[in-house]
Amino acid sequence: MSAPFSTATGTDVRVRFCPSPTGTPHVGLIRTALFNWAYARHTGGKLIFRIEDTDAARDSEESLLQLIDAMRWLRIDWDEGVEVGGPQAPYRQSQRGSIYADLIGKLKAAGHLYESYATGEEIEARNLAAGRDPKQGYDNFERDLTEEQRLAYRAEGREPALRLRVPDTELSFDDLVRGEITFPAGSFTDFVVVRPNGAPLYTFVNPVDDALMGVTHVLRGEDLLSSTPRQIALYYALIEIGVTTFIPRFGHLPYVMGEGNKKLSKRDPESNLFHHRDRGFIPEGLVNYLSLLGWSLAHDRDVFSIEEMVAAFDVVDVNPNPARFDLKKAESINGDHIRMLSSNELAKRLEPYMGNLVASEIDRDLLERAAPLVQERMQLLGEAPTLLAFLFTPDEDIEFDADALPGADAALILDAASTAIDGLESWTHDTIEEVLRVVLIEGLELKPRTAFGALRTAISGKRISPPLFESMELLGKDSTLVRIARLRSRL
RNA sequence: GGCCCCAUCGUAUAGCGGCCUAGUACGCUGCCCUCUCACGGCGGUAACACCGGUUCGAAUCCGGUUGGGGUCACCA
């Protein structure tokens with residue numbers, strides 16, 4: 001059977017992202033959104049954002065909001081769909097009932113759909129009785145039920161589900177990422193598309209909406225690969241009743257794996273997109289990393305902008321094998337992107353992560369001046385509070401970490417430094433460094449590491465801190481002296 | 001079990017018959033820079049699952065084996 005697959009290219013491309021709002025956004029799901037978006041933007045086509053909320057028991061409004069939040073955060077925009085509308089509105093399947101009812105009627109009248117009364121147990125029993133594997137599934141035995149048989153079932157109080165009559169031939173399609181795939185005749189059977197209560201299932205509404213919305217390229221997770229022949233079968237039926245004229249091209253994206261050899265599970269915190277945002281991933285970094293899961297820009301570059309990705313992206317370049325989510329690499333790339341931010345921009349992004357450390361206009365100003373000090377010391381914005389807290393803490397509240405406490409000989413260092421600093425006219429990191437080097441390194445012949453280590457503890461309370469002299473400059477002379485005196489009194 | 005997909009350093013990938021004694025990045029690691037930590041620079045570590053075949057020549061093409069994954073729902 002030859003299939004009229006879409007030949008759309010360039011601005012005729014129409015892709016879609018159609019999640020079910022169940023639970024918090026998963027990185028694999030978002031990677032799918034990203035690839036669809038990148039393909040649309042690369043080709044100049046359109047991205048449709050549709051919500052598949054046909055499972056009232058599992059769907060939630062909160063999840064929908066989170067999905068939208070995730071898209072906006074990552075700057076994945078869409079041309080038609082929820083919130084923005086479009087010619088095929090509404091874009092939530094829970095609001096498209098009458099559209100489906102109409103099509104169900106037409107498909108049934110044309111003989112593509114038929115009534116099925118069998119329960120799961122009965123189907124399994126049939127397989128067993130016929131000596132087949134009980135897991136083999138439905139064997140299409142109700143295709144030609146007589147009127148009497150139907151009446152008999154109804155007399156038992158049973159209501160029928162509706163199944164699609166699939167072709168008895170093999171079905172092939174040319175997958176955009178995997179190439180030619182053929183399913184032999186008999187490897188897919190008539191499947192339920194409408195529940196006995198009349199509610200259509202995903203297996204029905206997904207291809208139907210794709211057809212109605214003119215989707216030309218279906219880029220989705222590998223888990224849907226096996227259901228593709230059934231969807232193509234539905235397309236044949238839709239084409240025959242005049243709903244559409246073509247079948248979309250399919251591209252099945254590889255899984256995003258977690259540790260070991262299993263899919264990144266929803267239970268795993270690393271699967272949660274917002275977990276990464278909370279820890280301080282920036283959109284540029286996360287998008288960059290996510291795009292590397294199954295795709296690459298060039299053989300020698302893996303840090304790039306979203307614009308560069310869009311310019312280069314094509315689904316046919318996507319790698320078919322599963323990719324492991326490597327947090328270390330993700331963080332490294334995020335760090336690179338943090339370094340590419342302007343310091344003002346960094347300060348702005350840092351603020352939400354500073355908690356109540358930054359509360360006033362003065363604090364904000366200080367944060368802006370401190371941002372360059374930590375820019376190359378972070379992979380995640382969430383690391384900032386630990387690094388910078390001492391700048392926003394009153395002198396008397398600085399606590400000295402045990403592992404940062406200098407030896408008793410530090411008294412000499414602190415006293416000398418205090419005197420030297422006290423006499424300083426000009427307060428910049430250069431003048432501070434100059435005088436301290438003269439007094440401590442040349443004068444007392446101390447090792448820089450020793451001399452400055454004690455001062456580091458005095459002003460930050462820690463063994464590790466942003467650059468010392470810059471920190472002192474930000475703190476101011478008074479505060480610096482107070483902190484040195486405080487540590488001195490502890491020795 | 002039937003059907004389908006997948007197979008290059010620990011990880012992500014480059015490679016689409018000769019440029020491969022297999023490149024890059026993360027990780028790990030040595031050195032340098034250095035007031036700590038970073039950043040940066042220079043090195044090191046480590047892979048074509050296996051067996052056949054095609055070919056003058058295979059990581060690349062074909063077949064098989066093995067291993068992994070998915071799917072066979074009135075979930076999506």
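Chain naming here is simple, since letters A, B, ... match the order of the sequence lines and numbering starts at 1 in each. What you see is a predicted model, and the numbers here were worked out from it, not measured in a lab. Basis for what follows: all heavy atoms, side chains included, without hydrogens, waters or symmetry-related copies.
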OP1 or OP2 of B/rC35 under 4.0 Å from side-chain N/O of A/Arg437: yes

Charged N to carboxylate O below 4.0 Å: is that the case for A/Glu61 and A/Arg92? yes

* With a non-hydrogen cut-off below 4.0 angstrom, is A/Leu293 in contact with a base, only sugar-phosphate, or nothing? -> sugar-phosphate

Subject >> Spacing of the P atoms in B/rA59 and B/rG67 (rounded, Å) >> reply: 25 Å

### Query
Base, sugar-phosphate, or nothing for A/Glu470, non-hydrogen atoms under 4.0 angstrom?
base

Give me the ring orientation class for A/His252 and A/Phe250: parallel if the planes are under 30° apart, tilted from 30 to 60°, perpendicular past 60°.
parallel

- [ ] Show your reasoning for whether side-chain hydrogen bond (donor to acceptor under 3.5 Å, both in side chains) applies to A/Glu170 and A/Thr182.
- [x] CA-CA 7 Å; A/Glu170 66 170 32; A/Thr182 301; 5.0 Å; no

Regarding the side chain of A/Tyr255, the nearest nucleotide among B/rC3, B/rG70, B/rA14 is B/rG70

Out of B/rC39, B/rA12, B/rU36, minimum distance to the side chain of A/Arg339 belongs to B/rC39

Mate of B/rA14 across any strand shown (Watson-Crick or G-U wobble, both atom pairs under 3.5 Å) is none

### Query
Looking at A/Glu345 and A/Arg349, does any basic side-chain N land under 4.0 Å from a carboxylate oxygen?
yes

Residues A/Ile99 and A/Leu212: closest non-hydrogen pair is CG2-CD2, 3.6 Å

In numerical order, the residues of residues 447-454 of chain A whose heavy atoms come under 4.0 Å of RNA chain B are A/Pro448, A/Arg449, A/Phe452

- Message: Taking any heavy-atom pair under 4.0 Å as a contact, classify A/Pro254: base, sugar-phosphate, or nothing.
- Response: nothing

- Under the 3.5 Å rule, do the base of B/rC37 and the side chain of A/Arg377 count as making a donor-acceptor pair? yes

Taken to the nearest whole Å, CZ/A/Arg324 to P/B/rA7 is 13 Å

Reckon A/Ser465 has a side-chain N or O less than 4.0 Å from the OP1 or OP2 of B/rU36?
-> no

Describe the nucleic acid contact of A/Ser460 in one word from base, sugar-phosphate, nothing, applying a heavy-atom distance below 4.0 Å. nothing

note: A/Gln375, atom CD; B/rA38, atom C1'; distance rounded to Å ~ 12 Å

From the candidates B/rU36, B/rA25, B/rC3, the one with an atom nearest any side-chain atom of A/Asp302 is B/rA25

A/Leu292 atom CG is separated from B/rU11 atom P, nearest whole Å, by 16 Å

Closest to the 5' end of RNA chain B, once A/Asp317 and A/Arg463 are matched to their nearest nucleotides, is A/Asp317

Rounded to whole angstrom, note down the C1' distance from B/rG23 over to B/rA46. 14 Å

> Distance between the P atoms of B/rC5 and B/rC9, in whole angstroms?
Replying inline: 22 Å

Rounded to whole Å, the CG-P distance (A/Asp336 to B/rA12) equals 20 Å

Regarding A/Arg158 and the six-membered ring of A/Tyr117, is the cationic atom NZ or CZ under 6.0 Å from the ring centre and inside 45° of its axis?
-> no

The Watson-Crick or G-U wobble partner of B/rC37, with both key distances under 3.5 Å, is none

Among B/rU71, B/rA14, B/rU11, the one nearest any side-chain atom of A/Asp326 is B/rU11

Separation of B/rC37 atom P from A/Met378 atom CE, nearest Å, is 18 Å

What I want to check is whether an N or O donor and acceptor connect the side chain of A/Lys329 with the base of B/rA25 at under 3.5 Å.
yes

Per atom distances to the A/Lys328 side chain, the nearest of B/rA25, B/rC3, B/rG27 is B/rG27

Original post:
Say you pick atom P in B/rC48 and the same atom in B/rC39; how far apart are they, in whole Å?
Top reply: 31 Å

When both distances are under 3.5 Å in a Watson-Crick or G-U wobble arrangement, the nucleotide paired with B/rC20 is none

- Query: Using atom C1' of each nucleotide, how far apart are B/rA22 and B/rU45 to the nearest Å?
  - Reply: 16 Å

Check your understanding: Do A/Glu383 side-chain atoms and A/Gln379 backbone N/O form a donor-acceptor pair below 3.5 Å?
Key -> yes

From CD1 of A/Ile333 across to P of B/rU24 the rounded distance in Å is 17 Å

Do the rings of A/Phe313 and A/Trp295 sit parallel, tilted or perpendicular, given the 30° and 60° boundaries?
tilted

Would you be so kind as to tabulate the donor-acceptor pairs closer than 3.5 Å made by side chains of residues 198-210 of chain A, with sequence neighbours excluded?
| unit_1 | atom_1 | unit_2 | atom_2 | d |
| --- | --- | --- | --- | --- |
| A/Thr203 | OG1 | A/Val192 | O | 3.0 |
| A/Asn206 | ND2 | A/Glu52 | OE1 | 3.3 |
| A/Asn206 | ND2 | A/Glu52 | OE2 | 3.3 |
| A/Asp209 | OD1 | A/Arg96 | NE | 2.9 |
| A/Asp209 | OD1 | A/Arg96 | NH2 | 2.9 |
| A/Asp209 | OD1 | A/Tyr100 | OH | 3.3 |
| A/Asp209 | OD2 | A/Gln93 | NE2 | 2.9 |
| A/Asp209 | OD2 | A/Arg96 | NE | 3.4 |
| A/Asp209 | OD2 | A/Tyr100 | OH | 2.5 |
| A/Asp210 | OD1 | A/Arg16 | NE | 2.9 |
| A/Asp210 | OD1 | A/Arg50 | NH1 | 2.9 |
| A/Asp210 | OD1 | A/Arg50 | NH2 | 2.9 |
| A/Asp210 | OD2 | A/Arg16 | NE | 3.1 |
| A/Asp210 | OD2 | A/Arg16 | NH2 | 2.9 |

The Watson-Crick or G-U wobble partner of B/rG52, with both key distances under 3.5 Å, is B/rC62

Whole-Å distance, A/Phe183 CZ to B/rU71 C1', equals 9 Å

* To do: For A/Ser226, report the nucleic acid contact type (base, sugar-phosphate, nothing); a contact means any heavy atom under 4.0 Å.
  => base

In whole angstroms, the gap separating C1' of B/rC5 from CZ of A/Phe250 amounts to 16 Å

### Cationic tip of A/Arg279 above A/Phe281 ring, under 6.0 Å, 45° of axis
no

>> Between A/Glu115 and A/Lys108, does any NZ, NE, NH1 or NH2 come within less than 4.0 Å of an OD or OE carboxylate oxygen?
In response: yes

Taking a pair to mean Watson-Crick or G-U wobble geometry with both distances below 3.5 Å, B/rG27 pairs with B/rU45

Applying the 3.5 Å cut-off to both distances, the Watson-Crick or G-U partner of B/rC72 turns out to be B/rG1

Item checked: N-O pairing of A/Glu222 and A/Arg178 below 4.0 Å -> yes

- request: Classify the nucleic acid contact of A/Gly294 as base, sugar-phosphate or nothing, counting any heavy atom under 4.0 Å across all strands shown.
  value: sugar-phosphate

Close N or O pairs between protein and nucleotides 73-76 of chain B (under 3.5 Å):
| unit_1 | atom_1 | unit_2 | atom_2 | d |
| --- | --- | --- | --- | --- |
| B/rC74 | N4 | A/Ala118 | O | 3.3 |
| B/rC75 | OP2 | A/Arg195 | NE | 2.9 |
| B/rC75 | OP2 | A/Arg195 | NH2 | 2.8 |
| B/rC75 | O2' | A/Asp55 | OD2 | 2.7 |
| B/rC75 | O2' | A/Arg58 | NH2 | 3.4 |
| B/rA76 | OP1 | A/Thr54 | OG1 | 2.9 |
| B/rA76 | OP2 | A/Tyr202 | N | 3.1 |
| B/rA76 | O3' | A/Ser20 | OG | 2.2 |
| B/rA76 | O3' | A/Glu52 | O | 3.3 |
| B/rA76 | O2' | A/Ser20 | OG | 2.6 |

